[in-house]
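Have a look at the structure below, then the notes.
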Amino acid sequence: MENILDQLNTAQRQAVEYCTGPSLVIAGAGSGKTRVLTYKIAYLLEQGLPPYYILALTFTNKAAREMKSRIAELVGEKKAKKLWMGTFHHIFSRILRGNAERIGYDSNFTIFDSSDSKNLIRIIIKEMKLDDKQYRPGSIQGQISRAKNSLITPGMYAQNKELIEYDQMAKHPLLFEIYRTYQNRLHAANCMDFDDLLMQTNILFRDNEDILENYRNQFQYILVDEYQDTNFSQHLIVKQLADKHHRICVVGDDAQSIYSFRGANIDNILKFKSNYPEAKIFKLEQNYRSTQNIVNAANSLIKKNSEQIFKDVYSNNEEGDKIDVISAFSDFEEGLIVSNKIARLRIEEHASFSDIAILYRTNTQSRIFEESLRKNNIPYQIYGGLSFYQRKEIKDVISYFRLIVNPGDEEAFRRIINYPTRGIGDTTVNKIGLAATENRVSLWEVTSNPEAFKLNINSGTAKKLNAFYTMMSNFMEQNKLVNAYELAQLVIKESGISKEAYDDMTPEGMSRAQNIQELLNALNEFVTTRIETGDQDISLIDFLSEVSLLTDQDTENEETKEKVTLMTVHSAKGLEFEHVFVVGMEEDLFPSAMAKNELRGLEEERRLFYVAITRAKKTCTVSYAKSRFKNGQLNSCRESQFLNDIDIAFLNIDEKTLSNISNTQNTDGFWKSMERQSKITPAQTRSKYSPPKQLTNISRIQTSNSSAQLPDEAKQLKEGNIIEHERFGRGKVISIEQDGNNKRAFVEFESAGRKQLLLKFAKFNIVE
DNA sequence: TAACACTTGTTTTTT
DNA sequence: ACAAGTGTTA
């Protein structure tokens with residue numbers, strides 16, 4: 001332990017060693033925040049505090065996982081495993097499941113993701129016969145979410161004059177009614193949305209002093225990462241748990257608070273001291289990540305914000321290059337310039353592609369860089385877009401699981417009642433829905449006994465409905481007997497999903513089939529690893545409660561080697577790269593047009609830019625385009641005001657690029673040829689076929705060489721080929737056999753041993 | 001009821 | 001430019 005503390009600087013060490021009271025660690029970008037957290041936990045363990053007395057809360061599963069493995073390195077796997085460490089949602093869903101009946105839920109409640117919520121809200125708006133132009137499901141959902149995160153229950157909402165007045169002004173006076181109905185429906189269905197996991201925890205603690213007391217006693221020390229991003233609901237949970245012993249350490253950086261749109265309240269960190277007057281404040285100000293120029297540039301930018309905790313972030317690293325500012329004629333040219341510069345970095349600086357990141361404000365901007373990188377044969381990976389569990393086919397299968405576990409789950413029911421199509425259409429579902437509302441029972445209960453609810457359906461429909469009921473009942477019975485993997489196989493087969501999915505020979509269909517296969521693999525892995533570690537929780541509910549809280553942020557980066565990273569600035573928080581490109585620095589894009597109305601919004605955008613710049617270790621390049629396609633239309637743009645916020649002393653404005661472009665009088669021809677090219681290449685890249693994603697990487701990585709995984713590639717496979725498989729790695733093809741309609745390859749893998757691959761589905765590249 | 005064409009909105013970020 | 005939602009037709 002002595003030598004562990006020796007690895008810290010004075011400020012870090014002080015923050016680690018102070019454990020007797022509340023502390024706030026203000027951690028500047030790149031100042032070793034995670035290091036302090038992990039060492040502090042290791043230190044607590046070394047001091048003799050048992051791991052299950054420690055509660056450590058993070059925002060992403062990834063952060064929790066990484067911290068856990070680092071702690072395991074310091075104190076051993078056994079102790080690390082017993083820590084209560086995870087995301088807010090994860091930890092408190094676990095606590096809720098254990099105490100659900102105390103707040104009127106069943107412990108097998110299922111979790112709505114945001115699209116489930118939105119669907120339900122849409123249905124309610126329709127049922128109330130409201131105009132969905134005035135009551136836009138998306139914005140209603142946002143407001144309900146904000147209310148929940150502020151711990152305003154439907155009852156409180158209806159009583160709150162200010163909110164009601166606001167809603168009247170905003171021309172949706174019945175929002176409180178929608179909120180009430182929504183919450184009733186969720187409850188009746190025994191479902192919780194993301195916000196419920198926090199709000200219901202607060203309700204649980206509020207109404208059950210004994211439970212709160214229990215956890216207060218258990219969690220002897222509480223740590224919270226990214227405290228600047230907590231909302232009121234999270235803040236209150238933490239505060240209540242720490243209220244007695246005050247042994248709490250929160251870590252964060254007010255300058256990196258970028259989630260207010262989700263209810264995060266920067267005041268939580270700014271006012272920590274008033275909650276705990278005796279709190280000690282530690283400031284980590286030495287940046288170990290970036291060059292002096294980058295740190296200084298970022299400092300000069302963030303100084304333009306009004307409210308912040310004073311800190312003096314500095315770097316003792318080399319001075320480094322100034323930040324390059326590049327102006328491009330069009331978004332297309334911006335892509336070209338950036339990928340050319342990346343190619344040069346590789347050749348001249350011997351940079352690895354994996355050391356390079358392109359960061360943008362919105363996900364849509366990724367496309368143009370995909371094209372230009374592809375043209376330059378630069379491998380890349382995109383984080384963003386649809387996550388594995390959001391894919392339609394996966395959500396459909398998961399919905400079966402959800403309904404089996406929790407027959408009340410309305411969304412799950414609606415998704416699968418006619419999937420695969422079994423002749424039960426909207427008309428019938430609406431009738432069921434009506435009967436359910438009238439009789440205050442679930443859709444499932446109506447289905448179980450249509451006559452009892454006087455369902456007006458013909459005998460054919462009744463028969464189909466009964467077949468569905470019988471099938472699902474059988475699954476529910478089996479669920480008591482077999483593990484998650486076995487049940488999933490049964491479900492896929494009996495429901496007709498496998499027939500539907502595997503018979504579809506279109507590329508899209510095959511991609512779907514493979515995704516379903518990946519889900520099965522994941523289930524298999526889930527069950528086997530749990531059995532190996534002696535964990536008996538291997539039924540469907542255990543799997544569900546784990547995957548419902550996974551997000552695309554939780555990607556395990558096994559495949560990061562030699563690929564340029566493309567992601568939004570938001571998802572880049574906490575990461576670092578040698579070379580960073582911040583692109584699309586244009587007014588109304590970054591800062592976003594929506595955020596500009598309020599000062600708070602603009603300042604948050606500025607912090608977002610601050611986060612972007614401070615990801616860079618060695619070089620940072622910012623670029624903007626003078627014109628850009630937006631919603632299919634060409635718009636002209638001007639450079640972001642944020643560029644003027646950075647002290648010019650730290651910038652290197654690329655005169656050559658500027659003059660080149662302004663001197664190009666024949667830009668028309670230049671432009672048109674660009675446009676033509678941009679229309680040819682994407683045709684292939686934008687086909688509806690999306691390559692199946694690998695579940696083990698939790699999915700949302702799209703790789704540039706994915707087109708090589710089309711079946712055509714598989715057809716060329718010969719005996720003796722060396723292939724690179726996404727899961728099994730490198731291996732040699734021993735033989736290829738025709739098996740009915742399918743071709744199989746037997747492959748000897750270097751590390752994974754001998755496997756047979758179904759060529760129709762296998763994901764690999766031929767190496768030689 | 002299902003498949004298809006048409007219309008509409010969406011675009012800030014995501015646990 | 002695209003996807004999702006809606007309406008029309010068979």
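Below, chain A is the first sequence line, B the second, and so on; all start at residue 1.
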Output a table of nitrogen or oxygen pairs between the protein and nucleotides 1-5 of chain B separated by less than 3.5 Å.
{"residue": "B:dT1", "atom": "OP1", "partner": "A:Gly425", "partner atom": "N", "Å": "2.8"}
{"residue": "B:dT1", "atom": "OP1", "partner": "A:Thr428", "partner atom": "OG1", "Å": "3.3"}
{"residue": "B:dT1", "atom": "OP2", "partner": "A:Thr427", "partner atom": "OG1", "Å": "2.5"}
{"residue": "B:dA2", "atom": "OP2", "partner": "A:Asn418", "partner atom": "ND2", "Å": "3.1"}

Please report the distance, rounded to the nearest Å, between CG in A:Asn363 and P in B:dT11.
11 Å
Produce the list of close N/O pairs, under 3.5 Å, pairing protein atoms with atoms of nucleotides 7-10 of chain C; give distances to one decimal.
none

Rounded to whole Å, please give me the gap between CZ in A:Arg146 and C1' in B:dT13.
13 Å
Quick check on A:Arg422: does its CZ atom have over 12 non-hydrogen neighbours (other residues, nucleotides or ligands) under 6.0 Å away?
yes
Which residues pass the ring pair (Phe, Tyr, Trp, His ring centres under 6.0 Å) test with A:Tyr215, sequence neighbours left out?
A:Phe219
Pick one: which of A:Val238, A:Thr58, A:Leu549 meets side chain to side chain contact (heavy atoms under 4.5 Å, CB included) with A:Phe88?
A:Val238
Just wondering, are more than 12 heavy atoms of other shown residues or ligands nearer than 6.0 Å to CG in A:Asp131?
yes
Here the distance between atom C1' of C:dA1 and atom CD of A:Glu370, to the nearest Å, is 14 Å
Rounded to whole Å, CD1 of A:Ile123 lies from P of C:dG5 at a distance of 11 Å
If I compare all heavy atoms of A:Leu198 with all of A:Ser233, which pair ends up nearest, and what's the gap?
CB-OG, 3.4 Å
Pair A:Arg512-A:Asn515, side-chain donor/acceptor within less than 3.5 Å:
no
In whole angstrom, give the distance that lies between atom CD of A:Glu605 and atom P of B:dT13.
11 Å
Strand DNA chain B in bracket notation, Watson-Crick/G-U under 3.5 Å with | for pairs to another chain:
||||||||||.....
How close do A:Lys33 and A:Ala27 get, counting heavy atoms only, and between which atoms?
CB-CB, 3.7 Å
Would you jot down, in residue-number order, the residues of residues 124-138 of chain A having a non-hydrogen atom under 4.0 Å from DNA chain B?
A:Lys133, A:Arg136
Where the side chain of A:Ser571 is concerned, which of B:dT15, B:dT14, C:dA1 is the nearest nucleotide?
B:dT14
Atom of A:Arg97, atom of A:Phe109 and distance for their closest heavy-atom approach
NH1-O, 2.8 Å
How close or far is atom C1' of C:dC2 from atom CD of A:Gln633, stated in whole angstroms?
14 Å
So, OP1 or OP2 of B:dT14: does either fall under 4.0 Å of a side-chain N or O from A:Thr568?
yes
When you check the side-chain N and O atoms of A:Gln256 and A:Asp229, is any donor under 3.5 Å from an acceptor?
no
Aromatic-base stack, A:Phe261 on B:dT13, cutoff 5.5 Å, angle under 30:
yes
For A:Asp588, all residues meeting side chain to side chain donor-acceptor pair (under 3.5 Å), sequence neighbours excluded:
A:Lys596
Rounded to whole Å, CD1 of A:Ile258 lies from P of B:dT15 at a distance of 11 Å
Looking only at side-chain N and O atoms, does A:Gln228 offer a donor or acceptor that is under 3.5 Å from a partner on A:Glu226?
yes
Is the NZ or CZ atom of A:Lys392 positioned over A:Tyr419's six-membered ring, under 6.0 angstrom from the centre and within 45° of the axis?
yes
Could you state the atom-to-atom distance from CD1 of A:Ile121 to P of C:dG5 in whole Å?
14 Å
5'-most by nearest nucleotide on DNA chain B - A:Ala595 or A:Phe88
A:Ala595
It should be established whether A:Arg122 places a side-chain nitrogen or oxygen under 4.0 Å from OP1 or OP2 of nucleotide C:dG5.
yes
Once the angle between the rings of A:His172 and A:Tyr135 is folded into 0 to 90°, is it parallel (under 30°), tilted (30 to 60°) or perpendicular (over 60°)?
tilted
If we count only N and O atoms by modelled type, under 3.5 Å, do the side chains of A:Glu333 and A:Ser330 hold a donor and an acceptor together?
no
Can you identify which nucleotide, out of B:dT15, B:dT11, B:dT14, has its nearest atom closest to the A:Asn631 side chain?
B:dT11
